[in-house]
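Have a look at the structure below, then the notes.
Letters go in sequence order (proteins before strands), and every chain restarts at 1. Keep in mind it's a predicted model, so treat the numbers as computed, not measured.
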Protein chains: 2
Amino acid sequence: MPERSERPERKPRADATRNREAVLAAADALFADCDSPEAVTMADIAAAAGVGKATLFRGFGDRTGLIHALYEMRLAPIRRAIEEGTPPLGPAAPPLQRVSALLDAVLCFKIDNRHLALALEGTGGDSPYAAEHYERWHGTLQAALERVPGLADSNFTAHALLAATRADLVEHLVGREGTTREQMRAHLAAFTARVLEP
Amino acid sequence: MPERSERPERKPRADATRNREAVLAAADALFADCDSPEAVTMADIAAAAGVGKATLFRGFGDRTGLIHALYEMRLAPIRRAIEEGTPPLGPAAPPLQRVSALLDAVLCFKIDNRHLALALEGTGGDSPYAAEHYERWHGTLQAALERVPGLADSNFTAHALLAATRADLVEHLVGREGTTREQMRAHLAAFTARVLEP
DNA sequence: CCATGAAACGGACCCGGGGTCCGTATCGTA
DNA sequence: TACGATACGGACCCCGGGTCCGTTTCATGG
């Protein structure tokens, strides 16, 4: 009896995908207006989505997985712009400009998605540095830094620059101290300029 | 009947202080050799100290309080060296040297007390930027930066430089990737030099 | 349009950890 | 030594993440 591995794939169920969307939407909304990410519980999300708790865990594995899915969803456009976009974000940009553009993009993303970034980095268990999206940011940034003349330590420098965009720092400055989005961008730009220019 | 607020203070009980020491020692030891801080539970600490759980909470308020007490204990000497020590760490040092010395001190402390720093910054609930010890680091560093000629944004710059010494970053580089203590110091020194020098 | 089995559902349930309560043991003082 | 205050400890509560299983709903083939 031959293996039937050759795509007997039946269509995915309609309610499953519908529920997945509902969960993502509900979670996004809940995280959006809450003081701190750990204030929103899995049961809350399930209730808000009109779904049983098990559906959450079946669809996303665990809490981290759900947040991760939300995060990647929002991140996808920026990711594309970086990997195959046009300068200054795309790969064709001259190194110096690209580093600045990269960091500015990260910062803007973190500002616009404070809740998610905070929820993700604040997921106590695993450090942010183990996540693959951080690896991507770091890898791309390091590659760009490598092409900057007179700059050793591209590895550490990439880490240090990214550290300036940490979610809780952004939350502290923007959310708590009322720093403007544009002020933040200016500050970060000035800082990176100082690091890059000899 | 006059208020008896004028020091009717009786001597603190011997067992109380003894237990406090035992708890601090036990907690320190447990945090020292564990993969991740949240792996060590309050019950564990109580058991290791030969004490009831309630004693922990009576003496330190909550988990954060206990970790905080440990942290401040270790931090005290460095704090003194900064506030009333001799250059390059003390207040009399020229700004540029002091900034470098300050950051180096923070880094060394975080390396030598990774467990504690990680436990403290990783205490999900409250962001590290709300803690008063961070306020102190930041305040001192900002003051020093203020005296560096040609450097605007001393506030943000202080945050950004301190971000390069975040506990989980240190843990990642030193604990996971095997970076040497001296390598870390060199990297950070080079990075800050780039930021400071025009 | 209906029978069928696979896939998804949902909420009761479990577990582990932070934090509390209160009867009891211990200490400092007179 | 007697006494009141203080600290003790472990049983207990609560809440949130994660699981189990009987039931429901869908896609498919007739």
Can you work out whether Asp15(A) or Asp15(B) has the more 5'-proximal nearest nucleotide on DNA chain C?
Asp15(A)

Could you give the NZ-to-C1' distance, from Lys53(B) to dT20(C), as a whole number of Å?
9 Å

CG of Leu30(A) versus P of dG16(D): gap in Å, rounded?
14 Å

Test Thr179(B) against every option in Val170(B), Ile111(B), Leu173(B) by the side chain to side chain contact (heavy atoms under 4.5 Å, CB included) rule and name the one that passes.
Leu173(B)

Determine whether Glu121(A) and Lys110(A) satisfy the following criterion, salt bridge (Lys or Arg N to Asp or Glu O under 4.0 Å), listing intermediate values before the conclusion.
CA-CA 11 Å; Glu121(A) 294 185 17; Lys110(A) 298 257 191 127; 2.8 Å; yes

Quick one: is dA7(D) close enough that its OP1 or OP2 comes under 4.0 Å of any side-chain N or O from Asn19(B)?
no

What's the shortest heavy-atom distance between Glu72(B) and Arg79(B), and which atoms?
OE1-NH1, 3.7 Å

Between Glu182(B) and Arg185(B), is there a side-chain N and carboxylate O pair less than 4.0 Å apart?
yes

Should the pair Tyr129(B) and His159(B) be assigned to parallel (<30°), tilted (30 to 60°) or perpendicular (>60°) ring geometry?
perpendicular

Could you check whether the side chain of Arg13(A) and the base of dA27(D) have a donor-acceptor pair of N or O atoms closer than 3.5 Å, going by distance alone?
no

Over how many whole Å does the gap from Arg18(A) atom CZ to dT24(D) atom C1' extend?
13 Å

Glu135(A) side, atom CD; Thr140(A) side, atom OG1 - distance, nearest 0.5 Å
11.0 Å

Here the distance between atom C1' of dG16(D) and atom CD1 of Ile45(A), to the nearest Å, is 12 Å

Counting only non-hydrogen atoms, which of residues 54-71 of chain B are less than 4.0 Å from DNA chain D?
Ala54(B), Thr55(B), Arg58(B)

